[in-house]
Novice: 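One structure, as structure tokens, below. Some questions next.
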Amino acid sequence: MAKLYFYYGAMGSSKTANALMAEYNYHERGQKALLVKTNTDTRDGQHVIRSRMGLEKECVLLTEVCQMKEEELKAYDAVIVDEIQFATVSEIDFLAHVVDDLKVPVLCYGLRTDFQLNLFEGSARLMAIADTIAEVKTVCWCGHKAICNARYNQQGIVREGSQVLLGANDDYIALCRKHFLEGKLRKEEE
């Protein structure tokens with residue numbers, strides 16, 4: 001039975017690497033998986049998914065998938081979507097249609113919340129309708145589980161601004177809730 005999966009985690013939890021590994025696993029077993037990313041993620045080019053570890057693969061955009069014919073989509077054994085937090089409600093509902101009506105599993109990877117601990121539109125919809133929701137875990141500098149995506153600059157944690165600012169290790173760090181609320185980016189030198 002096909003399912004709609006949402007794998008979420010904080011920045012640096014290897015969500016993209018997991019998405020690429022899932023696609024590879026399908027390929028290795030002689031199955032065909034469609035690798036997809038949202039249009040908002042332009043860091044590595046329009047049709048490329050790249051992990052921090054350097055893994056990369058060509059992909060299609062989610063808007064392109066939403067325009068594909070049902071027969072084309074049925075030819076895949078799975079659809080794997082990266083950076084799903086940037087999807088719209090209608091795009092998430094389309095992916096649910098792929099699962100429910102076309103019987104193709106859809107694996108979505110992305111952030112749950114932004115740098116202000118607010119749900120992204122795509123993530124909120126998935127939290128409401130996904131069949132399976134699982135956390136991809138990572139740790140704070142203190143060793144505790146990181147659940148917060150802290151945006152920072154030279155002055156420290158940034159608490160205001162637009163929800164979307166594409167960046168990586170130079171703009172964001174995963175922190176536990178305690179250190180996020182305290183604004184501590186690292187252990188103080190003693």
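The residues of the chain are indexed from 1 along the displayed sequence.
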Novice: How long is the span from the CG atom in Asp100 to the CG atom in Leu4, to the nearest 0.5 Å?
Specialist: 8.0 Å
Novice: Donor-acceptor pair, Ser123 side chain versus Leu111 backbone, under 3.5 Å?
Specialist: yes
Novice: Going from OG1 on Thr38 to CG on Leu61, what distance comes out if it is rounded to the nearest 0.5 angstrom?
Specialist: 8.5 Å
Novice: Looking at Ile173, is its backbone amide N or carbonyl O close enough to the side chain of Asn149 to form a donor-acceptor pair, meaning the two atoms are under 3.5 Å apart?
Specialist: no
Novice: Is there any side chain to side chain donor-acceptor pair (under 3.5 Å) pair reaching into residues 18-31, and which pairs are they, with sequence neighbours excluded?
Specialist: Glu23-Lys57
Novice: Atom CG in Leu73, atom CG in Asp101: separation rounded to 0.5 Å?
Specialist: 11.5 Å
Novice: Are Tyr5 and Ile49 connected, step by step, through hydrophobic side chains (Ile, Leu, Val, Met, Phe, Trp, Tyr) whose heavy atoms are closer than 4.5 Å?
Specialist: yes
Novice: Measuring only between side-chain heavy atoms, which start at C-beta, is Ile147 closer than 4.5 Å to Arg177?
Specialist: yes
Novice: Sub-3.5 Å donor-acceptor pair from the side chain of Glu58 to the main-chain atoms of Val48, do we have one?
Specialist: no
Novice: Could you check whether any side-chain heavy atom of Ile80 comes within less than 4.5 Å of a side-chain heavy atom of Leu34, counting everything from C-beta outward?
Specialist: no
Novice: Answer yes or no: is there a donor N or O on one side and an acceptor on the other, between the side chain of Asp77 and the main chain of Ala33, under 3.5 Å?
Specialist: no
Novice: What I'd like to find out is whether the side chain of Leu119 reaches to under 4.5 Å of the side chain of Arg112, using heavy atoms alone.
Specialist: yes
Novice: Taking C-beta and beyond as the side chain, do Val99 and Val104 meet within less than 4.5 Å on heavy atoms?
Specialist: no
Novice: Give the C-alpha distance, both sets of side-chain angles, the deciding distance and a yes or no for salt bridge (charged side-chain N to carboxylate O under 4.0 Å, His left out) between Glu121 and Arg125.
Specialist: CA-CA 6 Å; Glu121 179 180 350; Arg125 187 64 175 165; over 6 Å; no
Novice: Rounded to the nearest 0.5 Å, what separation is found between the CD atom of Glu135 and the OG atom of Ser13?
Specialist: 8.0 Å
Novice: Given side chains that start at C-beta, do those of Ile84 and Ile92 come closer than 4.5 Å, heavy atoms only?
Specialist: yes
Novice: State plainly whether one hydrophobic cluster holds both Val136 and Val139, where clusters connect Ile, Leu, Val, Met, Phe, Trp and Tyr through side-chain heavy atoms under 4.5 angstrom apart.
Specialist: no
Novice: Side-chain contact, heavy-atom cut-off 4.5 Å: Leu175 with Trp141?
Specialist: yes
Novice: Provide the closest heavy-atom pair for Ala174 versus Ala10 in the form atom of the first, atom of the second, distance.
Specialist: CB-CB, 3.8 Å
Novice: Is it the case that one hydrophobic cluster holds both Val36 and Val98, taking links as side-chain heavy atoms less than 4.5 Å apart, direct or via other members?
Specialist: yes
Novice: In the single-linkage hydrophobic clustering (I, L, V, M, F, W, Y; side-chain heavy atoms under 4.5 Å), do Ile133 and Leu126 co-cluster?
Specialist: yes
Novice: With no hydrogens and no angle check, is any side-chain donor or acceptor of Lys37 less than 3.5 Å from a backbone partner on Cys59?
Specialist: no
Novice: May I ask you to decide whether Lys74 forms a salt bridge with Glu70, counting only side-chain N to carboxylate O separations under 4.0 Å?
Specialist: no
Novice: Taking Leu20 as the starting point, is it possible to reach Val106 by hopping between hydrophobic residues whose side chains are less than 4.5 Å apart?
Specialist: no
Novice: Is the side chain of Glu72 donor-acceptor paired with the backbone N or O of Lys69 at a distance under 3.5 Å, no angle test?
Specialist: yes
Novice: Is the closest side-chain donor-acceptor distance between Ser90 and Thr88 under 3.5 Å?
Specialist: yes
Novice: Between Lys15 and Glu83, does at least one N-O distance fall below 4.0 Å, as a salt bridge requires?
Specialist: no
Novice: Pick from Val81, Leu107, Ile129: which one makes a side chain to side chain contact (heavy atoms under 4.5 Å, CB included) with Leu95?
Specialist: Val81
Novice: Can you tell if the side chain of Phe120 reaches within under 4.5 Å of the side chain of Asp114, non-hydrogen atoms only?
Specialist: yes
Novice: Counting C-beta onward and ignoring hydrogens, is there a side-chain heavy-atom pair between Tyr76 and Met68 closer than 4.5 Å?
Specialist: yes
Novice: I need the Cys66 SG to Glu91 CD distance, nearest 0.5 Å.
Specialist: 5.0 Å
Novice: Run the salt-bridge test on Asp171 and Arg151 with the 4.0 Å N-O cut-off and return the result as yes or no.
Specialist: no
Novice: Would you call the rings of Tyr109 and Tyr7 parallel, tilted or perpendicular, taking 30° and 60° as the class edges?
Specialist: parallel
Novice: Once rounded to the nearest 0.5 Å, what's the spacing between atom CZ of Phe180 and atom CZ of Phe115?
Specialist: 8.5 Å
Novice: Run the ring-centre check on Tyr172 versus Tyr152 and record whether the distance is less than 6.0 Å.
Specialist: no
Novice: Test side chain to side chain contact (heavy atoms under 4.5 Å, CB included) on Ser14 and Thr138; report intermediate values, then the result.
Specialist: CA-CA 8 Å; Ser14 300; Thr138 192; over 6 Å; no
Novice: Return the minimal non-hydrogen interatomic distance between His179 and Cys176, and the atom names on each side.
Specialist: ND1-SG, 3.1 Å
